[in-house]
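As the structure lists them, so they are numbered: ligands from 1, and atoms in each ligand from 1. What you are looking at is a predicted structure, and each value in this text was computed from that prediction instead of being measured.
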Amino acid sequence: MKSILVTSKDLKKNNWEAIENLLVENQVQAIFNDSSRAMTAEEICSVCSKTKIEGIVVYSSSDEINSEVFKNCKDLKVISRHGVGIENIDITVAKKYGVEIRTTNELCDYETVADLAFGLILCLSRRIALMDRSLKKKNWLREVGNDVWGKKLGIVGFGRIGQALAQRALGFKMKVLSYDPYIDIPTEKAVKMVDIEQLLTESDFISLHMPLTKETHNIIDIDQFALMKKTAYLINTARADLVNQEVLLEVLREKRIAGAAIDVYSVEPAQKDPLIDSNLDNLICTPHVGSYTIENLKQMDYAVFKNAVEVISKYKD
Ligand code: NAD
């Protein structure tokens, strides 16, 4: 019997019967993190010191898969990531120890995340969440929103989610700009590729869709906010630290932009996040649910286990 460590018990929720069959068929036992928070490297190493762990199924970008994990967990063959973000995994050290990194990027979660990003655009512009909150407190508040059609959407990062969002925006008769230093010609002809300054200056909505790397950390900071229109909205469903979080809070408090919607936080699950705690009317917060649809999760939850099982099954006991 081989063993894998699973960093969240949430992975038992959506497609467990099929996953359990997969594990039984391949004689793999899953050891779950029983707490409701992400795992530290120390906790992971402690599990590996007691059981021969050959794979780790990583659920959150706050799980700490650093060099200590690779040094101490000598039997590790695979890190299987739920989703695509691998910024919390030390891939250089993983390579050194011959540990394979798998993600679920072969699935269509980009369409699902693009749905949320576009939903947040509509929610911000028509103040949907704000009116819902006030009406339930018996305030008949008829907020005057903004049109979405005819407005300019600036997409930073024109990969899978960025492109899927562009298709939605074009269907809503928006004008679409994009900045992506690694793509010259957009696949979508109606999208105009521009530099980041032009995008920030001209866009009514700015949506971020690039990975978090050393290069993109705080790519939206005080100088970039200064370029944005006072009426602009920022949507971040990618990674929190693409944006200077303190500056974002200040900018929203002082209404230097019209508003923001965020799905991602510096520490997740977010417990004491100043943005969430600010209770600002011009900020919409969702708890990292970009890929959370029944249809998509069923596929992703199964795939993350399948990827781990596939790799460890290549090795004899
Ligand atoms: P992708 O790899 O298909 O696209 C990323 C794009 O970003 C690429 O085209 C790349 O060239 C571009 N890029 C890289 N550096 C850049 C820079 N400095 N400036 C502008 N663009 C840059 O990835 P994807 O599937 O579209 O996902 C994008 C991000 O969304 C992921 O990295 C992940 O962090 C996030 N994500 C969030 C959720 C969620 O639940 N909220 C779900 C999936 C993915």
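Looking at ligand 1, you won't find any N or O of Tyr182 less than 3.5 Å from one of its N or O atoms. At a 3.5 angstrom cut-off on N or O pairs, Gly290 counts as close to ligand 1.
Checking Asn146 against Ser125 by side-chain atom types alone, no donor-acceptor pair falls below 3.5 Å. Side-chain N/O atoms of Thr213 and Thr216 include a donor and acceptor closer than 3.5 Å. Using modelled atom types and a 3.5 Å distance limit, the side chains of Thr92 and Lys96 yield no donor-acceptor pair.
In this structure, Gly83 falls outside the shell of residues with a heavy atom less than 4.0 angstrom from ligand 1. Residue contact annotation: Tyr110 has no non-hydrogen atom under 4.0 Å from ligand 1. Not a single heavy atom of Gly85 sits closer than 4.0 Å to an atom of ligand 1.
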> Checking side-chain hydrogen bond (donor to acceptor under 3.5 Å, both in side chains) for the pair Thr7/Asn33: CA distance, chi angles, key distance, verdict?
Replying inline: CA-CA 5 Å; Thr7 64; Asn33 168 22; 5.9 Å; no
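With rounding to the nearest 0.5 Å, the separation of CG in Asn26 from CG in Leu23 is 7.5 Å. Here NZ of Lys2 is found 12.0 Å from CD1 of Ile53. Values are rounded to the nearest 0.5 Å. The NZ atom of Lys9 sits 12.0 Å away from the OH atom of Tyr59 when rounded to the nearest 0.5 Å.
Ranking protein heavy atoms by distance to atom 12 (C) of ligand 1, first place goes to Asp180 OD2, 3.1 Å.
Contacts between Asp263 and ligand 1, counted as non-hydrogen atom pairs separated by less than 4.0 Å, involve the side chain only. Under 4.0 Å from ligand 1, the heavy atoms of Arg239 that appear belong solely to its side chain. In Asp109, the part holding a heavy atom less than 4.0 Å from any atom of ligand 1 is the side chain. Using a 4.0 Å cut-off between heavy atoms, Tyr292 makes no contact with ligand 1 at all. Neither the backbone nor the side chain of Thr213 comes within contact range of ligand 1; no heavy atom lies under 4.0 Å. Under 4.0 angstrom from ligand 1, there are no non-hydrogen atoms of Leu116. Contact annotation: for His288 versus ligand 1, heavy atoms closer than 4.0 Å belong to the side chain alone.
Between Val243 and Gln224, every side-chain heavy-atom pair lies at or beyond the 4.5 Å cut-off.
Taking the six-membered ring where the residue is Trp, Phe205 and Tyr233 present parallel rings, their angle staying beneath 30° rather than reaching 60°.
Atom numbering of ligand 1 starts at 1 in the shown order; those under 4.0 Å from a heavy atom of His209 are 5 (C), 6 (C), 7 (O), 28 (C). Ligand 1 places these atoms under 4.0 Å from at least one heavy atom of Ile183: 9 (O). Under a 4.0 Å criterion applied to the non-hydrogen atoms of Phe158, ligand 1 contributes the atoms 9 (O).
With atom 26 (O) of ligand 1 as the reference point, the heavy atom nearest to it among Ile86, Ile262, Ile161, Thr237 is part of Ile161. Atom 32 (O) of ligand 1 has its nearest heavy-atom neighbour, among Pro211, Pro181, Gly159, Ala117, in Pro211.
Under a cutoff of 6.0 Å and an axis angle of 45°, Lys12 and Phe32 form a cation-pi pair.
At distances below 3.5 Å, at least one donor-acceptor pair connects side-chain atoms of Lys74 with backbone N or O atoms of Lys71.
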